[in-house]
Amino acid sequence: MSSLLSELNERQREAASHTEGPLLILAGAGSGKTRVLTYRMAYLIGEKDVAPWNILAITFTNKAAGEMRSRVDRLIGPAASGIWVSTFHAMCVRILRRTIDRLGFDRSFAIYDTDDQRTLMRSIIKTMNIDSKMFKERSVLAEISSAKNQMIGVKEYEREASDYREEVISRLYKQYQMQLEANNALDFDDLLLMTIRLFNTCPDVLEEYQQRFRYIMVDEYQDTNRVQFELVRALAGKKGNLCVVGDDDQSIYKFRGADIRNILSFEESFPGAKVVKLEQNYRSTSAILDAANAVIRNNSGRKDKTLWTDNGEGEPIQLHQYEDGNEEAVSVVSDIRQRVAEGASYDQFAILYRTNAQSRLFEEQLVRRGIPYKLVGGVNFYARREVKDVLAYLKTIESGRDEIALRRIINVPRRGIGDTTINRIAEYARDHSIGMFEAMERISDIKTISRGKANVDSFVLMIQKLRDQAATMTLLELYDTVLEATGYRDTFDDMDDTEAEERLDNLSELRSKLADYIIECEEEEKVPSLPDFLQDVALVTDLDLLEEEADYVVLMTLHGAKGLEFEQVYMTGMEDGIFPGFMSITSGDEEELEEERRLCYVGITRAKRRLTLTCARRRMLRGETRAFRISRFVGEIPLSLLEDRGALRYEKRQHESNSYDPGDITIRQRVSIDGKPVHLQPLNKPKQFSVPAGTKPAYNIGDRVKHRKFGEGTVTEMVKGGRDYEVTVDFDTVGVKKMFAAFAKLEPI
DNA sequence: TTTTCAAACCTTTTT
DNA sequence: GGTTTGAAAA
């Protein structure tokens, strides 16, 4: 037995040393899956004499890729640099940049991010004269993306379209793809699809990669979608040396097309697959783990497994209910302060929440208390307006082929080039099938433009001058020149101070990223080039920017926390309607609720030592204050695991209806988080908020009602449960739904 | 063409 | 509640 693998436990060793044929590693949270993967790579290279470049490791985020990269480097040394460690998207970009010309695309294609997609779709909807009220670009794009994730192309979608909406979307889909191609651009989904298409149309290319990647490993396999599955299957080929690692209980990206069946039926897709379960958790205390197990147990259709640990029991899980979201934020932050005063460091703490919108209150308190924090998520750095603007300038200087980029900055700052002028240029460009910038260079030929001509001329001259300068300048000089010469920098002068400061910060951040890129090039002895820098910037996300060493509290969504761990975790907003969210409750779709429960499981298992659950009695949501009850997920945690600090008493309440019982737990008396008792309003008499819970609705069984989203329907059942009425409605269009009167806001017709 | 103001919409989660 | 979008006015 090699000494290398002796550092693993028995199961881990079994997984790391099984190298030939398909292998499914079911790795529970904190069971050391990255460790197994890295050791497996080391084993392949060290013991099986596999060349590093024959190994491919795929992850979902750049962060995970970076983490794996550094761990492999540490374990194996310089030889590891030959291993491809990459995200799905980055891998596809790498392949496509090399060979997409075989499909008739230019190898310098642009990658459109969500923002670019929306801009493009909006203009398509407009030019095709389609009702933008009925067809919102967001939902159209969502529909197209989900079609792409199921590998339904334009033609097939067209054929399958069965109603008016689908028929219109099929036309939009078609036009969208045409425009992308005209702009030499791919969206995120296309990156994967094009790679498959490349493999299908050019078997020699596929074979080349199959030869190269003799051993493939995929992390977070439970989050793969259909396209990714096909991609992996194609690459694995007949040899099938495919090792996937995942945890069906941590599948939380269904909305993005992740198909949990990929992992559940791995053994059918890859006959003869070996399955190894990793159930020993090295991360958390047993109290935390027991809570996680108790919650996830309520899901059906799981792969059977139970996490265990020989870590001690640890502290019980804390549960605190507050009057409102603000008090919740104040208390969580003051709790952190107190613990830091007692010797903890800021980086031990993470504040997690369901939606990004919840971050604001915590931020306010952290700023007020002068606590260093890092907000992860929200608006992606590369999606910020000023960053995109400057990148758009650089793109226009670089090629001018990217119409979205050109349109973005043509009138920023104001140059007197309005919509009318821009559209006429675009029209001319289309008629003569030339690029938009080219059309602008020929402005004198465009008869329909008179007034804007001089303005366009000076814009063209400015860009051309910058192009000339670009040839002789370093990239950083060019960057600075662009800010000044375009007048973009001056636009910050008449902004208010805090906003201008933030934006300028972002721009200097972008500048330093450019500097990083140049240094990187020097290390690899490449020549830094603008197109090279611009090309893959769309793939970088905020999550990748978490620095390891810095000492700050981390704020992020539960989704963002996957794959990370923290000493002390606050799961906030643990309320029915927030988490699990509205949508998953009212839809009546058990699947959706299970997805939320998996998210809860992910959240709980992030904590190593201490877990605090917080919730509020009422909370401001979309501008109105509403009453909330403790999350049903909290009710699924055994009381024995929750802290009972004398002053806190919980009580299991009897209830009639078992379909919904968030009233399961009632807190009789409450203390604030620092232990001081707080005056409490009498129980069972909630204040009347804007939506009074428990008042009888203004309709009865048999009445016709209207729902904001589901349309009209007939009330078939009304049951009084807890403090609210559970109403069953048979909707004309979407069928029977169960919902709570206070949430559903049904209106009698 | 640009500015201003009211209205709509939003809140799931992201590569 | 905050942000974005549309129409009307300047």
Side-chain angles (χ1 to χ4, degrees), chain A residues 58-65 86-93 111-115 117-118 122 126 132-133 136-139 142 145 148-149 186-192 220 223-225 227-228 251-258 325-326 352-361 364 376-380 382-383 385 411-422 451-452 455 536 538-544 556-563 573 577-587 592-593 595-596 598-600 602-603 619-626 690 708-709:
Chain A
I58 306 176
T59 63
F60 272 82
T61 63
N62 295 307
K63 169 131 181 26
S86 167
T87 64
F88 270 107
H89 295 269
M91 173 185 80
C92 289
V93 170
I111 301 167
Y112 276 8
D113 66 10
T114 320
D115 219 53
Q117 294 181 55
R118 286 179 67 174
R122 196 177 311 149
K126 209 165 174 186
S132 61
K133 284 272 187 301
K136 294 260 179 307
E137 72 264 13
R138 270 170 55 96
S139 66
S145 175
K148 285 184 176 182
N149 282 328
L186 302 180
D187 66 18
F188 284 131
D189 300 319
D190 286 342
L191 292 174
L192 309 183
E220 307 281 14
D223 288 329
T224 48
N225 61 30
V227 185
Q228 288 157 339
S251 166
I252 54 174
Y253 284 111
K254 189 175 162 210
F255 70 93
R256 205 170 66 191
N326 197 49
L352 308 181
Y353 35 77
R354 178 68 236 271
T355 63
N356 276 310
Q358 288 164 255
S359 68
R360 219 191 75 247
L361 292 172
E364 277 170 16
V376 183
V379 189
N380 187 334
Y382 285 98
R385 194 192 321 162
N411 201 30
V412 178
R414 304 251 147 71
R415 302 190 169 88
I417 305 173
D419 284 348
T420 328
T421 311
I422 295 172
R451 211 171 23 188
N455 296 331
D536 303 330
L539 289 182
V540 188
T541 65
D542 245 16
L543 228 49
D544 311 328
M556 61 183 149
T557 63
L558 288 156
H559 281 87
K562 194 173 70 152
I578 302 288
F579 184 42
F582 246 150
M583 296 302 212
S584 55
I585 297 175
T586 48
S587 73
E592 274 190 53
L593 199 61
E595 173 124 335
E596 296 272 305
R598 288 192 290 269
L599 191 55
C600 183
V602 167
R619 184 180 292 279
M620 179 87 85
L621 195 66
R622 284 193 227 136
E624 68 184 329
T625 303
R626 307 222 288 215
S690 62
R708 205 170 143 256
K709 194 163 168 200

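Since we're looking at a predicted model, the values are computed, not measured. Note: hydrogens, waters and symmetry copies are ignored here, and every other heavy atom, side chains too, is used. Residue numbering restarts at 1 for every chain, and letters A, B, ... go by the order of the sequence lines.
The separation of B/dT11 from C/dG6, taken at their C1' atoms, amounts to 22 Å, rounded to a whole angstrom.
One atom, CZ of A/F582, and another, C1' of B/dC10, lie 13 Å apart when rounded to the nearest Å. One atom, CD of A/E624, and another, C1' of B/dC10, lie 13 Å apart when rounded to the nearest Å. When rounded to the nearest whole Å, the span between CG of A/L621 and C1' of B/dC9 equals 13 Å. Atoms CZ (A/R138) and C1' (B/dC9) sit 10 Å apart, rounded to a whole Å.
Comparing B/dT1, B/dT15, B/dT13 by their nearest atom to the side chain of A/T420 picks out B/dT1. Taking every side-chain heavy atom of A/K136 into account, B/dC9 is the closest of B/dT15, B/dT13, B/dC9.
A/N62 contributes a side-chain N or O that, together with a main-chain N or O of A/L539, makes up a donor-acceptor pair within less than 3.5 Å.
Using a 4.0 Å heavy-atom criterion, one finds that A/R122 contacts the sugar-phosphate atoms exclusively. Counting non-hydrogen atoms under 4.0 angstrom, A/D189 reaches nothing in the nucleic acid. Here A/E596 lies in heavy-atom contact (under 4.0 Å) with a base. Within 4.0 Å of A/S584, counting heavy atoms only, lies no atom of the nucleic acid at all. Using a 4.0 Å heavy-atom criterion, one finds that A/F60 contacts the sugar-phosphate atoms exclusively. Within the 4.0 angstrom heavy-atom criterion, only backbone atoms of the sugar-phosphate kind lie near A/G416; the bases stay farther away.
A/Q117 and A/T114 share no side-chain donor-acceptor pair at under 3.5 Å.
Here chain A contacts DNA chain C (any atom closer than 4.0 Å to a heavy atom, that is under 4.0 Å), and the contacts span C/dG1 to C/dT5 from 5' to 3'.
In this structure, A/K148 and A/D187 have side chains that are in contact, with non-hydrogen atoms separated by less than 4.5 Å. A/Q358 has its side chain within reach of A/I578: a pair of non-hydrogen atoms, C-beta onward, lies under 4.5 Å apart. Looking at heavy atoms from C-beta onward, A/S86 lies out of side-chain contact with A/T59 at the 4.5 angstrom threshold.
Distances shown here put a side-chain N or O of A/R414 below 4.0 Å from the OP1 or OP2 atom of B/dT3. In terms of phosphate contacts, A/T61 brings no side-chain nitrogen or oxygen within less than 4.0 Å of OP1 or OP2 of B/dT14. Listed pair A/T114 / B/dT15 fails the phosphate criterion, with no side-chain N or O lying under 4.0 Å from OP1 or OP2. Contact check, A/N411 against B/dT2: a side-chain N or O comes under 4.0 Å of OP1 or OP2. Not one side-chain nitrogen or oxygen of A/N225 sits closer than 4.0 Å to the OP1 or OP2 atom of B/dT15.
Here CG of A/L593 is found 14.5 Å from CE of A/M583. Values are rounded to the nearest 0.5 Å.
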Just to be sure I follow the notation: if a pair is Watson-Crick (purine N1 to pyrimidine N3 plus N6-O4 or O6-N4) or a G-U wobble (N1-O2 and O6-N3), each under 3.5 Å, what dot-bracket string does DNA chain B give, with | for pairs to another strand?
|||||||||......
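B/dT13 has no stacking from A/Y253 on its base ring, since the centres under 5.5 angstrom apart and planes within 30 degrees of parallel are not both found.
No donor-acceptor contact under 3.5 Å links the side chain of A/R354 to the base of B/dT11.
Applying the side-chain hydrogen bond (donor to acceptor under 3.5 Å, both in side chains) test to A/R415 and every residue at least two apart in sequence or in another chain returns A/Y393.
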